[in-house]
Every structure is written in structure tokens, then in C-alpha cells.
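Note that the structure is a prediction, hence the values are computed from the model and not measured.
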Amino acid sequence: QVQLVESGGGLVQAGGSLRLSCAASGRTFNNYAMAWFRLAPGKERDLVAAISWSGGLRYYADSVKGRFTISRDNAKNTLYVQMNSLKPEDPAVYYCAAPPSRTWPVYEYSYWGQGTQVTVSS
């Protein structure tokens, strides 16, 4: 069974940085793309960034381009997102997600972590 466990959330001042991690287990990590989503109160869940199984292909939402960097360490079965220049519109619960099959781009995510809260103070 695929398990995803996020960590690294917290409170940061606007303009600051955070790095989120997602530890994956239950299947061969480097066979699948991965992604980060976020869910803010009153809003829909949004795809923030995605990365292919090798790390060679990446996608970013327009709202985070140039500020967030998604990466993965296949040797450690871990997904990351480095978030710089955090803005007041970035606070949300951030989730890592994995698809059911090896595809790119990914249109369906079946596995989700429990989420980690990111709060930005102005």
C-alpha cells in the first residue's frame, strides 16, 4: 500500500522560505511521477507542481513559477518542494500526491498524504 507522509510545514514570515518533504513507501518510488497540491480555506485544491519519475520533467502553476522548486531524491524515496519568497496568498495545507500509473503528464492522482500546514505572516 502506498503511503505518503509530508513534513516541513510551519509558520514563516512573508518573503521567507520553507522546504516541504514527502516520504513515500509501498511501491517503487522512481517509477512514478509525483506532485504537490495545496488547499486553502474556501478554495479548491490546486496543483502546485509536478515532477516526472526521473525528475527531468517539471510542471509549475503560474502562481508559484520562479519561487517554488520541486525535486526528488529517488535513492531516499522522498519528494521535496523548496518554497521561496512566500506570499500572503501561499498559506494552505500542502499535500503530496502520486498517480496510480506511470504516466506524464498526470491527469489522475490516487494516493495522498495527510498534508502539512503552511502559514505565512505578513
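No chain of hydrophobic side-chain contacts below 4.5 Å, direct or via other Ile, Leu, Val, Met, Phe, Trp or Tyr residues, connects Tyr80 to Tyr59. Grouping the Ile, Leu, Val, Met, Phe, Trp and Tyr side chains by contacts below 4.5 angstrom, directly or via other members, places Tyr95 apart from Val118. Transitive grouping of hydrophobic side chains (ILVMFWY, heavy atoms separated by less than 4.5 Å) brings Val106 and Leu47 into a common cluster. Both Leu86 and Val81 sit in one connected hydrophobic cluster of ILVMFWY residues. Membership requires side-chain heavy atoms under 4.5 Å apart, directly or through other members.
Trp104 and Ser52 get closest at one heavy-atom pair: CZ3-N, 3.4 Å. The two residues Gly55 and Arg58 make their nearest non-hydrogen contact at O-NE, 3.4 Å. Annotation for Ser17 and Ser85: closest pair OG-N, 4.3 Å, computed over non-hydrogen atoms. Closest approach of Leu4 to Ala24, counting heavy atoms only: CD2-CB, 3.6 Å.
One distance of note links CG of Leu18 with CG of Asn84; it measures 9.5 Å at 0.5 Å rounding. Expressed to the nearest 0.5 Å, how far CZ of Arg72 lies from SG of Cys96 amounts to 11.0 Å. Taking CD of Gln117 as the reference point, atom CD of Glu6 lies at 12.0 Å (rounded to 0.5 Å).
In this structure, Arg27 forms a cation-pi arrangement with Tyr32, its terminal cationic atom sitting closer than 6.0 Å to the ring centre and no more than 45° off the ring axis.
Between Tyr109 and Phe37, the closest side-chain pair of non-hydrogen atoms falls below 4.5 Å. Annotation: side chain of Leu20 is in contact with side chain of Met83 (closest heavy-atom distance under 4.5 Å). For the pair Ser21/Lys76, no side-chain contact is recorded, criterion being any heavy-atom separation below 4.5 Å from C-beta on. Under the 4.5 Å side-chain criterion, counting only non-hydrogen atoms from C-beta, Tyr94 is in contact with Thr116. Inter-residue side-chain proximity for Ile70 and Met34 is flagged as unmet; no heavy-atom pair is nearer than 4.5 Å. Contact check for Leu79 versus Trp36: side-chain heavy atoms found under the 4.5 Å cut-off.
By the side-chain contact (heavy atoms from CB on, under 4.5 Å) test, Ser110 pairs with Pro100, Glu108, sequence neighbours left out.
At least one donor-acceptor pair under 3.5 Å links the side chain of Asn74 to the backbone N or O of Trp53. The closest donor-acceptor contact from the side chain of Asp73 to the backbone of Ala75 lies under 3.5 Å.
Salt bridge status for Lys87 with Asp90: absent, with no side-chain N to carboxylate O gap under 4.0 Å.
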